[in-house]
Amino acid sequence: MSKPLRFISLTPDQQRIVNNAYQYGEKRALRRRAHAILLSHKGHTINQIRDILGVKRDTVSTWLSQWEADGIDGLQDKPRDGRPNLLNDGEIALLQQLVEDHPHQLPVLHAKFQEKNRESGQSRYPTSCSKKNGNSCKRVRYSLKARRDETDFRNTQGLINALKEWEDSGTCDLYFFDETGFSQSSSLPYAWSPIGQPWEVTAYSHSKRLNVLGFLSRKGMFFHHMTMDTVNSETVIEAFDQFAAQKDPDAFAVVVLDNAKMHHSKAFRRKIIDWMTHRIHLIYLSPYSPELNLIEILWREIKYRWLPLTAYSSFDRLCQAVKGVCNGYGVDNTITFA
């Protein structure tokens, strides 16, 4: 007699907790375990979760057991002793001060740290010790977090989570709207190549630009409008009109968009009532909150994973490649949103 299938059943409060861990968990391990719990709640078997996440069946089973025993705490990494710290308290304080003074100048940091240690007759290598003491070396990123209202951000985040639940229950179709551009002067992805023979494409100081305006659904729907003209209010209105003409006329659609000036122009706002007659309702994001707009993930995947490097050899090839990727979304490439 076969064993009964095992599934996790979550209350609405538990769903919010696990979904928050999956989307915003600090460590990848926590995000994967939370993903497994959400998949089980949605009816995926242990074997299916194993295949989706690429782990062993026993690993998935352990994660489910840890959730059942301790909730979200059971999914967290347990403290480990690890290797004893190679630095004494004085060296740790010195290293932390040097990290704060020279965060992006590693050679200077190393030199000053070694100089101080030579004065005491010792020689240490600070890189591994710096990691041990809670530091990491990552690319410096631009961020808008300092400019946003955190309360407004959290309220918008809660609204979007509620809309996702509405979509999952069949109450509405949820779309995320945004514009992006492609040119031969765009940033290029990392790529493997033989040592000493890195990939090279022709550098262009100026290039024509292909603009793409898109509506992305978590359920695999992607409507897009392309133009080589400058994107303005009229362009965005044209894209929304095309979306209204293509969507299911009986479906109620909610479109999430950012606060670009052209999304608040008089011409654009005059059209909102017209789109409402097509059962399209607009929701504006909290200012400076691009991470809440899921279509940003699609733009990143296209630019840094799905476009071939050969696309940048000419503008015509780039346009053809972008059109091919956009038209093939949902078939050739897709994104799985929990």
Side-chain angles (χ1 to χ4, degrees), residues 6-46 48-82 130-146 148 150-165 167-168 174 176 216 218 256 285-286 288-301 304-305 334-338:
R6 179 185 182 188
F7 299 103
I8 296 293
S9 179
L10 301 176
T11 65
D13 286 341
Q14 289 174 327
Q15 274 188 268
R16 282 190 287 271
I17 292 172
V18 179
N19 192 59
N20 187 65
Y22 170 58
Q23 295 190 51
Y24 306 108
E26 182 178 354
K27 295 185 177 180
R28 179 173 179 267
L30 172 61
R31 296 195 297 271
R32 294 184 78 198
R33 294 163 191 160
H35 192 187
I37 302 302
L38 290 172
L39 290 172
S40 178
H41 172 70
K42 290 180 179 293
H44 290 77
T45 65
I46 291 180
Q48 289 172 333
I49 299 172
R50 173 200 63 191
D51 296 337
I52 292 171
L53 299 182
V55 296
K56 295 181 179 179
R57 189 183 192 282
D58 288 347
T59 300
V60 178
S61 182
T62 298
W63 292 344
L64 301 188
S65 296
Q66 289 172 334
W67 167 262
E68 291 171 334
D70 300 310
I72 195 66
D73 291 337
L75 305 183
Q76 303 277 0
D77 282 333
K78 301 301 183 290
R80 301 177 183 178
D81 293 336
S130 183
K131 292 180 180 178
K132 181 74 175 179
N133 287 285
N135 298 305
S136 64
C137 187
K138 294 185 176 181
R139 179 171 61 87
V140 178
R141 299 177 181 273
Y142 291 105
S143 175
L144 297 170
K145 291 182 179 179
R148 73 186 181 201
E150 197 63 28
T151 300
D152 190 27
F153 172 81
R154 294 300 175 190
N155 289 338
T156 305
Q157 187 180 49
L159 173 60
I160 291 177
N161 287 335
L163 290 172
K164 290 176 182 178
E165 293 179 3
E167 183 182 42
D168 291 339
L174 179 62
F176 294 83
L216 178 68
R218 296 186 305 146
V256 176
L285 289 169
S286 172
Y288 309 115
S289 305
E291 62 266 49
L292 296 181
N293 198 342
L294 295 188
I295 199 172
E296 296 282 2
I297 300 173
L298 175 62
W299 300 149
R300 187 166 61 246
E301 290 294 293
Y304 298 115
R305 289 189 56 199
T334 190
I335 299 172
T336 301
F337 297 101

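Index from 1, following the sequence.
Asp58 is linked by a side-chain contact (heavy atoms from CB on, under 4.5 Å) to nothing, counting only residues two or more places apart in sequence or in another chain.
Here the closest non-hydrogen pair linking Arg50 and Val55 is CG-O, 2.7 Å. Residues Ala34 and Tyr22 approach most closely at CB-N, 3.7 Å, considering heavy atoms. Among all heavy-atom pairs drawn from Leu64 and Ala36, the shortest one is CD2-O, 4.5 Å. Across every non-hydrogen atom of Leu30 and Gly25, the tightest pair is CD2-CA, 4.1 Å.
Ser289 is not listed as a side-chain neighbour of Thr156, based on a closest heavy-atom distance of 4.5 Å or more. The closest side-chain heavy-atom distance from Lys164 to Leu294 is below 4.5 Å. Here the side chains of Phe176 and Leu298 are not in contact, with every heavy-atom distance at 4.5 Å or above. Put simply, the side chain of Gln14 does not reach to within 4.5 Å of the side chain of Ile8, judged on heavy atoms. Counting heavy atoms from C-beta outward, Arg6 and Glu68 have side chains that approach closer than 4.5 Å. Side-chain contact between Leu10 and Trp67 is present, with at least one heavy-atom pair separated by less than 4.5 Å.
Remark: Arg148 is positioned above the aromatic ring of Phe153, its terminal NZ or CZ atom under 6.0 angstrom from the ring centre and at most 45 degrees off the axis.
With hydrogens and angles disregarded, a donor-acceptor distance shorter than 3.5 Å links the side chain of His44 to the backbone of Leu39. Side-chain N or O atoms of Gln48 include one that pairs as donor or acceptor with a backbone N or O of Thr45 at under 3.5 Å.
Rounding to the nearest 0.5 Å places CD of Glu291 at 7.0 Å from OH of Tyr24. Arg33 contributes atom CZ, which lies 10.5 Å from atom CD1 of Ile72 (distance to the nearest 0.5 angstrom). Rounded to the nearest 0.5 Å, atoms CZ (Arg218) and CG (Leu163) are 9.5 Å apart. Here NZ of Lys42 is found 7.0 Å from CD of Gln15. Values are rounded to the nearest 0.5 Å. Here Asn19 contributes atom CG and His35 contributes atom NE2; the two are 10.0 Å apart, rounded to the nearest 0.5 Å. For the atom pair CD1 (Ile49) and CD1 (Ile37), the distance works out to 7.5 Å, reported to the nearest 0.5 Å.
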Dump the intermediate steps for side-chain contact (heavy atoms from CB on, under 4.5 Å) on Thr62 and Gln66, then the final yes or no.
CA-CA 6 Å; Thr62 298; Gln66 289 172 334; 3.8 Å; yes
Just do the side-chain contact (heavy atoms from CB on, under 4.5 Å) check on Val18 and His41 with the steps written out, would you?
CA-CA 11 Å; Val18 179; His41 172 70; over 6 Å; no
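We find that Glu150 and Arg154 are joined by a salt bridge, their nearest charged nitrogen and carboxylate oxygen being less than 4.0 Å apart.
Between Pro290 and the choices Ile295, Leu285, Leu144, the side-chain contact (heavy atoms from CB on, under 4.5 Å) rule is met once, by Leu144.
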